[in-house]
Protein chains: 2
Amino acid sequence: MGTVTKALSLLSFFAPDRPEIGLSDLTRLSSMNKATVYRLMGELQAAGFVEQGEGDRAYRLGPQVLHLAALREASTPILSVSRRILRELSDETGETTHVSLGHDSWVQTLSHAYSPRHATKVTMEDAQTVTYHATSSGLAILAYADPQFVDSILSQPLKSHTSKTLVDPDLIRSKLEQIRQTGLADTLGSFELEVHSHAVPIFGADHRAIGALAVAAPAARMPAAQQDIIRAALRRAGAALTHRIGGRPPADYPQCAAP
Amino acid sequence: MGTVTKALSLLSFFAPDRPEIGLSDLTRLSSMNKATVYRLMGELQAAGFVEQGEGDRAYRLGPQVLHLAALREASTPILSVSRRILRELSDETGETTHVSLGHDSWVQTLSHAYSPRHATKVTMEDAQTVTYHATSSGLAILAYADPQFVDSILSQPLKSHTSKTLVDPDLIRSKLEQIRQTGLADTLGSFELEVHSHAVPIFGADHRAIGALAVAAPAARMPAAQQDIIRAALRRAGAALTHRIGGRPPADYPQCAAP
DNA sequence: CGGGTGCGGTTCATTATTTGAACCATCGGT
DNA sequence: ACCGATGGTTCAAATAATGAACCGCACCCG
């Protein structure tokens, strides 16, 4: 494990519910030597990737990450484009929508939009890290990922978030097959009970799935007619997002027909 | 220079006009050894900070930077807050507005908003890197920075972007003194000819200036009355942004009175 | 064709950096 | 005054980074 990888892995301990981390906590979390963490964080700080609080000297993410994100947005504007699409999709469906990106072994939510239509809604936080196997977004991505990538995900221990989470790799594989039939994934309560979630994959220029667009709604608000509306809207929005970021669906992706 | 710092410095060669860089180019830009660059970029890639294009194998910034930015936004939402404020400020003034963050030796623009009122306007790109001494934003930050930080900036060679750029440290220092009188900076053509730019500093929780909010307009469209409108709107917007991100102006910052 | 040039990628002995146990200073609670 | 935290520092030993040279492959051009 190279020094750079070690330093960058320290950044992965920041999370929405843990935005600030002290030196000792960080050494425990990372199980590295305290002096090592101290020096690495010092370098990250000098580069602006983290900054230190005044009082407790806890570390938090620094302004440089905003700059890099703005830079990436300037060339491949996923965020700004998806924000508009999320807004429209939320208005259209009346439910909470979000985009996520697929990473090595988890899925990260990037941005979300709420609808004012209903008082009860699924609430979210940006920058949440969720699993592939338990979310509709994750499954949508997996369904169009390399087989070896699917293997690597499914060979890890699969956490059972709820009583309805699929944890059997074979069952998940057949679910992925179903998803490929329709080009659309849905899960009912597999990540959070009473949440019915639909998702479509988002493709990059190389025809590979890079992320997903999803609609999450309370399970009680999901009669068949509403599901059809959501599915159609999601398909359209997904195609639009893929297109707007310069991506292309693979040849076998179901274009318009929807069973 | 630590290995981590070296790796992170590689990321700083990405810019709006250079979103993709090949291995050889990066080697030349960084004046490091090719093998070193290759290994470091490999580590950055494994961590998701950069990704490699299919055809030419050029590197570009990866999805992980979006995740980190979303994470920082979740705790200190500068971007999402400033977007709304920029929108309002653009509508109010009829001109191009933008926010920037101050870094070690340069200023980085983060986000901007245009006004549809005029056909001719100042155009911008996000994630641009500009100098402290030649921009109203940079001067607004410097005016409220530590004296030793001002020294370190002004002791570097100061590039003359246009014929009107201030490059004499003494002149700049007296300009900073003027800015402190009013709490507002303005430059006329010092970064780009024919652009009249106003800026106010944005403060963090520790009373230090962390960035600036600015209005940039064609110089021809700047009669005294319009300047007053812009100054008043900018002051209000700056105070609002500082407040919304949990910041506080220093005690000596001119609160409401405007000469 | 054929050779020159630039590209991404790889090797391996040399070298410089990283590592980690132990240590120090300081704070807050008991 | 003590105890157990915290952030920060030290230095010999161990490890990882380095860089000149090399490889194979496109592409270009005479």
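Per chain, numbering begins at 1; letters A, B, ... match sequence-line order.
Remark: A:Arg28 is in phosphate contact with D:dT6, judged by side-chain N or O atoms under 4.0 Å from OP1 or OP2. Regarding contacts with the backbone of C:dT11, every side-chain N or O of B:Arg39 stays at 4.0 angstrom or more from both OP1 and OP2.
Atoms CZ (B:Arg57) and P (D:dG24) sit 17 Å apart, rounded to a whole Å. Following rounding to the nearest Å, A:Tyr38 (OH) and C:dC23 (P) show an atom-to-atom distance of 20 Å. When rounded to the nearest whole Å, the span between CG of B:Leu29 and C1' of C:dC7 equals 15 Å. The separation between A:Met41 atom CE and D:dT9 atom C1' is 18 Å, rounded to whole Å. Between A:Gln52 atom CD and D:dG7 atom P the separation is 9 Å, expressed in whole Å. Rounded to whole Å, the distance from CG on A:Asp56 to P on D:dG7 is 8 Å. For the pair A:Glu20 CD and D:dT6 P, the interatomic distance rounds to 16 Å; values are reported in whole Å. Taking atom CG of A:Leu23 as the reference point, atom C1' of D:dT6 lies 9 Å away to the nearest angstrom.
Residue A:Glu20 places its CD atom among more than 12 non-hydrogen atoms of other residues, nucleotides or ligands, all under 6.0 Å distant. For B:Glu177, the CD atom is densely surrounded, since the number of other residues' heavy atoms within 6.0 Å is greater than 12.
Checked for salt-bridge contact, A:Arg39 and A:Glu43 meet the test: a charged N lies under 4.0 Å from a carboxylate O.
Toward the 5′ end of DNA chain D lies the nearest nucleotide of A:Tyr59, the other residue of the pair A:Tyr59 and B:Met32 mapping further downstream. Positionally, the nearest nucleotide of DNA chain D for A:Asn33 lies more toward the 5' end than for the other of B:Thr3 and A:Asn33.
When all heavy atoms of B:Ile245 and B:Ile78 are compared, the closest pair comes out as CG2-CA, 3.9 Å.
In the set D:dG19, C:dT19, C:dC7, the nucleotide with an atom closest to the side chain of B:Ser24 is C:dC7.
Classification of the A:His133-A:His161 ring pair by plane angle, with boundaries at 30° and 60°, yields tilted.
No N or O donor and acceptor, one from the side chain of A:Lys34 and one from the base of C:dG20, sit under 3.5 Å apart.
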